[in-house]
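Have a look at the structure below before the remarks.
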Amino acid sequence: MAKVTGIGGIFLKCADPDATRDWYKRVLGFEPNEYGGFDFLHSASAAIHPEGARTIYGLFAADSPYFAPSEAPFMLNLMVDDLEAILARAAGEGVSELQPRESHAYGTFGWLVAPDGRKLALWQPASKGRPRSA
C-alpha cells in the first residue's frame, strides 16, 4: 500500500518574507538554500540524533491553548543540536524565551515566538550517552 514517508516542506505566508528570513538566519542559525528557503536533510538529523530524529505530525483540539500566545492554528517544532546555544543566541538578539524549558525522556524543549507571531518549539532530542539541556 502506498503511504506518506515524511514532510517534504513547510510553506508559510509572512507579512515581510525578507525580514522573517533574516530573523531565522540570525536568531536560529538557518542557512538559506538557492531558492530562498531552508533545507534540513534527514541524513544530517539522523547523524546528530541517531535514535531521536523524527518528524511528529500531531493533532490538537481546536480549542487547545498549547499554541498560545500565537493565534495561528499550528506551531512549528524545530529539531536542534544544541538548545542551550540557540537560546543563548536568541537572547543575544533580544528574543526572550516564551516559557520555562521542559525536559522529557525524549528530549528537551524551549519556546520562542517568531516575528509573525508563530510559536516555535525548539526540540533537542535525547540521545544515549549525551546529556540533555536543563
Side-chain angles (χ1 to χ4, degrees):
M1 175 184 201
K3 64 180 183 175
V4 173
T5 62
I7 294 176
I10 299 170
F11 306 95
L12 308 173
K13 290 182 179 181
C14 302
D16 186 341
D18 291 333
T20 302
R21 188 177 297 110
D22 182 62
W23 186 91
Y24 278 88
K25 285 171 30 181
R26 285 184 300 100
V27 174
L28 298 178
F30 280 30
E31 295 181 25
N33 64 24
E34 61 190 284
Y35 305 106
F38 307 98
D39 294 330
F40 304 99
L41 298 176
H42 298 266
S43 58
S45 297
I48 295 168
H49 309 291
E51 298 173 28
R54 67 190 72 225
T55 301
I56 307 299
Y57 189 88
L59 304 173
F60 289 75
D63 61 350
S64 173
Y66 191 62
F67 305 162
S70 175
E71 294 188 24
F74 65 92
M75 177 180 69
L76 298 178
N77 178 324
L78 303 171
M79 191 177 349
V80 302
D81 64 352
D82 187 338
L83 180 63
E84 190 73 32
I86 288 180
L87 291 172
R89 181 172 55 228
E93 290 287 339
V95 179
S96 300
E97 289 184 58
L98 181 61
Q99 62 198 62
R101 296 176 204 176
E102 292 182 12
S103 289
H104 302 275
Y106 46 87
T108 304
F109 294 84
W111 290 268
L112 304 173
V113 175
D116 286 337
R118 281 182 278 279
K119 186 175 182 182
L120 304 176
L122 304 177
W123 170 45
Q124 182 175 335
S127 297
K128 284 186 177 179
R130 180 178 177 176
R132 295 188 315 262
S133 299

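Along the sequence shown, residues are numbered consecutively beginning with 1. Quick caveat: nothing in here was measured; it's all calculated off a predicted structure.
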Over all atoms of both residues, closest heavy-atom pair of [X] and [Y]:
X: Met75; Y: Ala121; value: CE-CB, 4.1 Å
X: Val80; Y: Pro125; value: O-CD, 3.9 Å
X: Ala126; Y: Ala105; value: CB-O, 3.3 Å
X: Ala90; Y: Val27; value: CB-CG1, 3.6 Å

Quiz item: For Glu93, does the CD atom sit with more than 12 other heavy atoms under 6.0 Å from it, leaving out its own atoms?
Solution: yes
Rounded to the nearest 0.5 Å, how far does [atom2] of [Y] lie from [atom1] of [X]?
X: Leu78; Y: Leu120; atom1: CG; atom2: CG; answer: 5.5 Å
X: Thr108; Y: Glu84; atom1: OG1; atom2: CD; answer: 10.0 Å
X: Met79; Y: Ile48; atom1: CE; atom2: CD1; answer: 9.0 Å
X: Thr20; Y: Lys13; atom1: OG1; atom2: NZ; answer: 14.5 Å
X: Asp81; Y: His49; atom1: CG; atom2: NE2; answer: 6.0 Å
X: Trp23; Y: Phe30; atom1: CH2; atom2: CZ; answer: 8.5 Å

Quiz item: When you look at Phe40 and Ile7, which way does the side-chain contact (heavy atoms from CB on, under 4.5 Å) test go after all the steps?
Solution: CA-CA 11 Å; Phe40 304 99; Ile7 294 176; over 6 Å; no
Check: [X] side chain, [Y] main-chain N or O, donor-acceptor pair, under 3.5 Å:
X: Asn33; Y: Tyr35; answer: yes
X: Arg118; Y: Leu76; answer: no
X: Ser70; Y: Gly117; answer: yes
X: Arg89; Y: Leu28; answer: yes

Practice problem: Taking salt bridge (Lys or Arg N to Asp or Glu O under 4.0 Å) as the test, write out the residues that go with Asp16, two or more places apart. | Solution: none
Practice problem: Spell out, yes or no, whether Phe11 and Val4 are grouped together once hydrophobic residues are joined by side-chain heavy atoms under 4.5 Å, including indirect joins. | Solution: no
Quiz item: What class does the angle between the rings of Trp123 and Phe109 fall in, given that below 30° is parallel, 30 to 60° is tilted and above 60° is perpendicular?
Solution: parallel
Quiz item: Relative to the ring of Tyr24, is the ring of Phe38 parallel (under 30°), tilted (30 to 60°) or perpendicular (over 60°)?
Solution: tilted
Practice problem: Go through the structure and list residues passing side chain to side chain contact (heavy atoms under 4.5 Å, CB included) with Leu98, not counting sequence neighbours. | Solution: Pro69, Trp111, Val113, Lys119
